[in-house]
2 protein chains.
Amino acid sequence: MARKTISTAFPSPRHDHAACVDEALAQAERVCAEQGRRLTPLRRRVLELVWQSHRPVTAYALLERLVQDGHRAQAPTVYRSLEFLMESGLVHRVESMNAYLGCNQPWHGHDVGIFICRVCGDVAELSDTAISRGIERGADRIGFTVESRVVEISGTCRACSGACN
Amino acid sequence: MARKTISTAFPSPRHDHAACVDEALAQAERVCAEQGRRLTPLRRRVLELVWQSHRPVTAYALLERLVQDGHRAQAPTVYRSLEFLMESGLVHRVESMNAYLGCNQPWHGHDVGIFICRVCGDVAELSDTAISRGIERGADRIGFTVESRVVEISGTCRACSGACN
DNA sequence: CATTGAAATGTTATAATTTAACGTTTCCTT
DNA sequence: AAGGAAACGTTAAATTATAACATTTCAATG
Ligand SMILES: [Zn+2]
Ligand SMILES: [Zn+2]
Ligand SMILES: [Zn+2]
Ligand SMILES: [Zn+2]
């Protein structure tokens, strides 16, 4: 478990983002190798595009970028790559935005929630056991068996929260 | 706070659902009166249709039902009514399903989460403080100010969970 | 009661997101 | 090299949602 977390909370505006991308791609290679899944050039490129920022990106935005690459791509190309990346745990779908986000802890099975700043658009992914346990407790109360969770919190990040930061 | 909760967990398959609908509509009248908002016949009818079951329903399914009523409706009609009902707190959007669900506690500001049974499709809405506090704690850790939350849990309800129920 | 402005609804068209279906190519295994 | 599966290309369509503008309803005012 000596793996590096790319960014655990909101990224600093002047962090070395190229390093985020490199790390994400390196982890993807590793994860796919472990799972025996093929990270093809196309899938790798889509993941790289997803990681262009710490913001969720729509499928069609990815498609545009692919086309800019000179790749004569259509919607299914992007959706298939995204499906693969999601199955591999490398990308999350942000349900409340119809958009996709690179996972910063792809080896970590239980994501709990993402915090979305509605000012800057950046996202922080958090694996908080308090949220997990809260959900489990609620589930227990009604005899529910949890299989998957969508936890998406909108609000403002520290940097965007006003003067005192 | 002596108000009746329509159903707090998963409804029994043989509960009196007509009573759910009646109660939901009565509460809607009350809520709208209090807020000084107009629950027009159309909006009331859409709410009634949303409450046809304890399952999320898509906008176009509602549209079909309106058309069956003889109402020559189009998509914007439904979306506008849904928007009104959501602003009034009478309906929730289920982000992970692109569908809409009648709120069973419309006077209760802080919904926390909905549990969706992927077998029967029924939904239970839960206001669990443990989840709330977990989210607040996570937010505090990263200096985030929460404005709204999407918590949608998929799994199996007690009734659908197997033999011993 | 008539006027009038705002809210609600009707109507047409289109945008945005996602998937189905089928053909072709690539790649791994034998 | 042959065969089969996986990946990708391509066309079309389904699903979900909104923009824009016209018409109607409604409540308040004079
Ligand atoms: Zn970064
Ligand atoms: Zn921000
Ligand atoms: Zn019921
Ligand atoms: Zn069930």
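Chain identifiers are assigned alphabetically (A, B, ...) following the order of the sequence lines, protein sequences preceding nucleic acid strands; residue numbering begins at 1 within each chain.
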Novice: Nearest-nucleotide wise, let me know which of B/Met97 and A/Ser81 is further upstream toward the 5' end of DNA chain D.
Specialist: A/Ser81
Novice: Calculate the interatomic distance between A/Glu83 atom CD and D/dA6 atom P; express it in whole Å.
Specialist: 14 Å
Novice: Indicate whether OP1 or OP2 belonging to D/dT15 is found under 4.0 Å from a side-chain N or O atom of B/Tyr79.
Specialist: no
Novice: Quick one: B/Leu63 CG to D/dA14 P, roughly how many Å, whole number?
Specialist: 16 Å
Novice: Should B/Thr40 be listed as having a side-chain N or O under 4.0 Å from OP1 or OP2 of D/dT25?
Specialist: no
Novice: Which part of the nucleic acid, if any, lies within reach of A/Arg72 when heavy atoms closer than 4.0 Å are counted: base, sugar-phosphate only, or nothing?
Specialist: sugar-phosphate
Novice: Of all the nucleotides listed (D/dG9, C/dT19, C/dT9), which has the minimum atom distance to the side chain of A/Leu42?
Specialist: D/dG9
Novice: Checking all strands, does A/Ala75 fall into the base, sugar-phosphate, or nothing category for heavy-atom contacts under 4.0 angstrom?
Specialist: base
Novice: So, is B/Thr77 near the phosphate of C/dG10, with a side-chain N or O under 4.0 Å from OP1 or OP2?
Specialist: yes
Novice: To the nearest angstrom, how far is B/Gln74 atom CD from D/dA19 atom P?
Specialist: 17 Å
Novice: If you check the B/Pro76 side chain, which of D/dT16, D/dG9, D/dA19 turns out closest?
Specialist: D/dA19
Novice: If you take the centroid of each ring, where Trp contributes its six-membered ring, are B/Phe115 and B/Phe10 closer together than 6.0 Å?
Specialist: no
Novice: How many angstroms lie between atom CZ of B/Arg93 and atom CD of B/Glu83, to the nearest 0.5 angstrom?
Specialist: 12.0 Å
Novice: Is A/Tyr100 close enough to C/dT17 that one of its side-chain N or O atoms is under 4.0 Å from OP1 or OP2 there?
Specialist: no
Novice: Rounded to whole Å, please give me the gap between CG in B/Asn98 and C1' in C/dA15.
Specialist: 15 Å
Novice: Is the distance from OP1 or OP2 of D/dA7 to the nearest side-chain N or O of A/Arg80 less than 4.0 Å?
Specialist: no
Novice: What is the separation between atom CG on A/Leu62 and atom P on C/dT18, rounded to the nearest whole Å?
Specialist: 11 Å
Novice: Rounded to the nearest angstrom, tell me the gap between atom CE in A/Met86 and atom P in C/dT17.
Specialist: 14 Å
Novice: Rounded to the Å, how far apart are B/Arg44 CZ and C/dT9 C1'?
Specialist: 19 Å
Novice: For a quick check of understanding: with a heavy-atom distance under 4.0 Å over all strands, which category does B/Arg38 fall into, base, sugar-phosphate or nothing?
Specialist: sugar-phosphate
Novice: OP1 or OP2 of D/dT15 versus the side-chain N and O atoms of B/Thr58: is any pair under 4.0 Å?
Specialist: no
Novice: How close do A/Pro56 and A/Val123 get, counting heavy atoms only, and between which atoms?
Specialist: CD-CG2, 3.4 Å
Novice: Between the base of D/dA17 and the side chain of B/Tyr60, is there a donor and acceptor pair under 3.5 angstrom?
Specialist: yes
Novice: Should B/Met86 and A/Val150 be counted in the same cluster of Ile, Leu, Val, Met, Phe, Trp and Tyr side chains packed under 4.5 Å apart?
Specialist: no
Novice: Pick out which of A/Thr156, A/Ile153, A/Val94 makes a side-chain contact (heavy atoms from CB on, under 4.5 Å) with A/Ile116.
Specialist: A/Val94
Novice: Reckon A/His71 has a side-chain N or O less than 4.0 Å from the OP1 or OP2 of D/dC8?
Specialist: no
Novice: Can you check the B/Phe84 CZ to C/dA8 C1' distance for me, whole Å?
Specialist: 11 Å
Novice: I need the minimum non-hydrogen distance between B/Val78 and B/Leu66, along with the two atoms involved.
Specialist: CG2-CD1, 3.8 Å
Novice: Check every strand shown and say whether A/Arg37 touches a base, only sugar-phosphate, or nothing at a heavy-atom separation below 4.0 Å.
Specialist: nothing
